[in-house]
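A short worksheet on the structure shown next.
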Amino acid sequence: MYPEFAPRHQKIIFVTGSTASGKSQWAIELAKKYNGSIVNIDSIQFYEKLIIGSAAPTEIEKIQTPHYLYNYVPAPNEMTAGEFLRDFYKLLERKDLQFPLFVVGGTGFYIQALEKGMYNIPEVSQELKQQIENEITKFGNEKAYNELIEFDPESKIHINDAYRIGRALEIKRAFGKTMFQLKSDFEKNNKFNLKLPYLKIGKLLNKEILFKNVTARTHKMLSAGLIQEVEPLLNQGLHQWAPLQSVGYFEVVQYLQNKMPKENLNAEIIQSTMQLIKKQKTWFKRDDTILWSDESVLIEKQIEQKIDLFLNESKI
RNA sequence: GGCCGGGUAGCUCAGUUGGUAGAGCAGAGGACUGAAAAUCCUUGUGUCGGCGGUUCAAAUCCGUCUUCGGCCA
């Protein structure tokens with residue numbers, strides 16, 4: 001599943017950046033220019049039927065350039081970083097795949113997962129996951145936190161972070177390991193990092209421009225039928241479905257459940273989107289290997305020269 | 001014009017029998033290895049509408065002015 005090596009002509013370019021930065025457009029231009037393909041690495045655009053609110057590519061765009069891993073996960077399935085890796089490597093086996101691959105998305109966690117690999121542990125059973133989740137809701141964080149700290153006194157997880165406590169307990173009970181042990185095992189022998197040559201580029205716009213983009217795009221989503229996109233999903237009882245907790249979808253669910261007046265919807269979505277952008281920026285700060293462009297065409301061109309070099313070099 | 005409420009952090013509001021203020025949200029910063037567009041952490045000095053007064057001490061009591069609601073003329 002994880003290839004140990006790959007032919008040298010198989011090159012990858014990550015195109016990242018915050019929401020509403022124009023990275024998808026840029027990626028499409030590049031894919032056309034270099035006759036490559038687009039691969040999704042946005043955590044919401046994986047899902048079937050989440051088209052408008054996730055700003056997924058249009059049908060026309062998909063016809064013009066090969067797009068992969070978009071809108072294919074049906075509800076109530078939920079995507080995970082690990083599942084994404086499996087799907088990605090399965091995609092690489094396709095004979096008709098046109099390289100270079102432009103892997104596009106703003107989900108830093110997934111980019112990291114693909115680039116560095118993930119801790120090598122099997123999937124935890126649904127039963128155990130459910131059991132731990134139930135315990136935490138029933139007995140509260142403290143009991144779970146105490147179990148964790150007793151087992152792993154070094155744990156840095158905050159007592160309020162029920163999600164991470166739960167995950168750490170899953171690892172403890174299923175494999176008897178601490179998160180730190182997983183990490184050091186992983187660092188000693190990481191077979192799962194990305195073996196193909198790759199380059200990372202991104203779009204970083206200033207806040208004022210992003211706010212304008214977000215405002216325009218939120219308006220567009222709502223008039224394109226975002227509410228109508230969510231309604232049938234709610235009718236199927238999917239209000240707990242993870243992607244419906246995401247920016248834009250969450251607010252529409254609130255509205256449809258009469259927890260928010262319609263006149264607030266637009267502003268609330270804009271606000272959440274700006275908060276998301278802020279978190280994405282914070283994530284990207286940890287990675288100083290991304291070549292950043294802004295709204296200036298000049299820098300974009302300079303980066304494209306680097307892409308030329310990267311694609312032409314035949315190292316190894 | 002009269003009566004009753006309100007005017008406290010950018011917003012919505014708490015402030016017990018007077019001891020110079022605090023929550024949520026927003027904003028700012030950060031963490032992050034299988035939900036990640038999620039989850040979590042850190043961060044609150046503001047003429048307590050103005051001016052007088054009572055008091056050792058007033059957002060809190062009194063007077064007055066101002067302003068926004070509502071009701072009655």
Side-chain angles (χ1 to χ4, degrees), chain A residues 16-21 40-47 50 53-56 73 75-88 105-126 128-130 132-133 136 141 145 155-168 170-171 174-175 177-187 190 192-193 207 211 214 217-218 221 238 240-253 260 264 267-287:
Chain A
T16 191
S18 73
T19 289
S21 63
N40 176 42
I41 194 161
D42 177 292
S43 64
I44 305 300
Q45 292 180 357
F46 294 121
Y47 294 101
L50 301 185
S54 73
V73 178
N77 293 347
E78 293 181 0
M79 196 60 174
T80 65
E83 198 56 42
F84 164 70
L85 291 192
R86 288 186 274 277
D87 289 353
F88 182 85
T107 309
F109 179 55
Y110 280 46
I111 295 173
Q112 175 192 274
L114 182 51
E115 187 184 358
K116 307 235 160 85
M118 298 199 63
Y119 300 165
N120 182 28
I121 42 166
E123 229 166 321
V124 176
S125 74
Q126 268 316 311
L128 182 57
K129 283 186 174 208
Q130 196 57 51
I132 290 172
E133 196 185 320
I136 292 178
N141 288 7
Y145 180 75
S155 172
K156 296 280 189 300
I157 300 172
H158 194 275
I159 188 166
N160 291 345
D161 201 345
Y163 163 61
R164 287 196 170 75
I165 293 172
R167 175 64 183 162
E170 287 172 16
I171 307 291
F175 313 114
K177 295 205 169 192
T178 65
M179 294 304 282
F180 181 76
Q181 281 173 307
L182 285 189
K183 190 179 179 204
S184 36
D185 291 352
F186 173 81
E187 280 165 358
N190 179 12
F192 307 118
N193 59 347
K207 207 175 152 185
F211 184 80
V214 167
R217 148 185 149 132
T218 302
M221 283 179 180
L238 289 168
Q240 303 259 51
W241 195 34
L244 288 189
Q245 316 308 313
S246 68
V247 167
Y249 289 106
F250 176 80
E251 286 77 11
V252 172
V253 169
M260 183 199 294
N264 291 5
E268 292 282 345
I269 293 176
I270 292 170
Q271 188 170 81
S272 303
T273 310
M274 293 309 293
Q275 289 171 338
L276 166 63
I277 286 171
K278 165 66 185 142
K279 282 187 273 187
Q280 289 174 314
K281 280 185 175 169
T282 301
W283 181 281
F284 294 139
K285 274 185 197 162
R286 62 164 56 197
D287 189 343

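Naming: A, B, ... by sequence-line order, numbering from 1 per chain.
- The shortest distance between the side-chain N/O atoms of A:Arg286 and the OP1/OP2 oxygens of B:rC32 is below 4.0 Å.
- Between A:Lys207 and A:Thr80, the one whose closest nucleotide on RNA chain B sits nearer the 5' end is A:Lys207.
- When the C1' atom is used for both B:rU20 and B:rA36, the distance is 46 Å, rounded to whole Å.
- For the P atoms, the distance linking B:rA21 with B:rC48 amounts to 11 Å, nearest Å.
- Base pairing of B:rG46 is not made with any nucleotide, judged by Watson-Crick or G-U wobble geometry with both donor-acceptor distances under 3.5 Å.
- A:Ser125 places a side-chain N or O within 3.5 Å of a backbone atom of A:Leu128 that can act as its donor or acceptor partner.
- You'll find that the side chain of A:Thr107 is closest to B:rA37, out of B:rA37, B:rA35, B:rU33.
- A gap of 16 Å separates the C1' atoms of B:rC61 and B:rU16, to the nearest Å.
- Here the side chain of A:Gln181 pairs a donor or acceptor atom with the backbone of A:Thr178 at under 3.5 angstrom.
- Across all strands shown, A:Glu83 has heavy atoms under 4.0 Å from base atoms, whether or not it also approaches the sugar-phosphate.
- OP1 or OP2 of B:rA36 has not a single side-chain nitrogen or oxygen of A:Gln245 nearer than 4.0 Å.
- Of the listed nucleotides (B:rG29, B:rA36, B:rC40), B:rC40 has the atom at the smallest distance from the side chain of A:His158.
- Straight-line distance from the CG atom of A:Leu50 to the P atom of B:rA38: 14 Å, rounded to whole Å.
- For A:Thr282, taking side-chain heavy atoms from C-beta onward, the closest of the listed nucleotides B:rU39, B:rC32, B:rA37 is B:rC32.
- Nearest nucleotide to the A:Phe109 side chain, out of B:rC41, B:rA37, B:rU33: B:rU33.
- Distances shown here put a side-chain N or O of A:Lys129 below 4.0 Å from the OP1 or OP2 atom of B:rA35.
- When the P atom is used for both B:rG63 and B:rU47, the distance is 26 Å, rounded to whole Å.
- The partner of B:rA35 cannot be assigned: no Watson-Crick or G-U wobble pair with both contacts below 3.5 Å exists in any strand.
- You won't find any donor-acceptor pair under 3.5 Å spanning the side chain of A:Arg164 and the base of B:rA31, going by distance alone.
- Base pairing analysis places B:rG24 opposite B:rC11; the two distances defining the Watson-Crick or G-U wobble pair are each below 3.5 Å.
- A donor-acceptor distance shorter than 3.5 angstrom exists from the side chain of A:Trp241 to the backbone of A:Asn77, with no hydrogens or angles considered.
- Among the nucleotides B:rA26, B:rA36, B:rU33, the one closest to the side chain of A:Trp283 is B:rA36.
- The base-pairing partner of B:rG5, taking Watson-Crick or G-U wobble contacts with both distances under 3.5 Å, is B:rC68.
- Heavy atoms of A:Gly248 sit nowhere under 4.0 angstrom from any nucleic acid atom.
- Atom CD1 of A:Ile165 sits about 12.5 Å away from atom OH of A:Tyr163, to the nearest 0.5 Å.
- Residue contacts shown for A:Ile157 are absent, as no nucleic acid heavy atom lies under 4.0 Å away.
- We find the CZ-OH distance between A:Phe46 and A:Tyr110 to be 6.0 Å, quoted to the nearest 0.5 Å.
- Side chain of A:Met118, nearest nucleotide from B:rA35, B:rA37, B:rU33: B:rU33.
- Rounded to whole Å, the separation between the C1' atoms of B:rG44 and B:rG50 comes to 25 Å.
- Across all strands, A:Ser54 comes closer than 4.0 Å to base atoms (heavy-atom distances).
- Across B:rG7 and B:rG49, the matching C1' atoms stand 6 Å from one another, rounded to whole Å.
- For B:rG29, the paired base is B:rC41 (Watson-Crick or G-U wobble, both distances below 3.5 Å).
- Distance check on atom P: B:rG18 versus B:rA31 gives 49 Å, rounded to whole Å.
- To the nearest 0.5 Å, atom CG of residue A:Asp42 and atom CZ of residue A:Phe84 are 10.5 Å apart.
- Listed nucleotides B:rG27, B:rA37, B:rU33 differ in distance to A:Gln271; the shortest reach to its side chain belongs to B:rG27.
- With a cut-off of 3.5 Å on both Watson-Crick or G-U wobble distances, the partner of B:rU54 is given as none.
- When the P atom is compared between B:rU8 and B:rC71, the two are found 23 Å apart, to the nearest whole Å.
- Among the nucleotides B:rC32, B:rU33, B:rA31, the one closest to the side chain of A:Lys279 is B:rA31.
- Other residues, nucleotides and ligands contribute over 12 non-hydrogen atoms within 6.0 Å of the OH atom of A:Tyr119.
- For A:Asn160 and B:rU39, the shortest distance from a side-chain N or O to OP1 or OP2 is not below 4.0 Å.
- The base of B:rA31 has none of its N or O atoms less than 3.5 Å from a complementary donor or acceptor on the side chain of A:Asp161.
- Not one N or O on the side chain of A:Glu170 forms a donor-acceptor pair closer than 3.5 Å with the backbone of A:Lys129.
- Between the CG atom of A:Leu182 and the C1' atom of B:rC32 there is a distance of 15 Å, rounded to whole Å.
- For A:Tyr110, taking side-chain heavy atoms from C-beta onward, the closest of the listed nucleotides B:rA35, B:rA26, B:rG30 is B:rA35.
- Distances shown here put every side-chain N or O of A:Tyr163 at or beyond 4.0 Å from the OP1 or OP2 atom of B:rA38.
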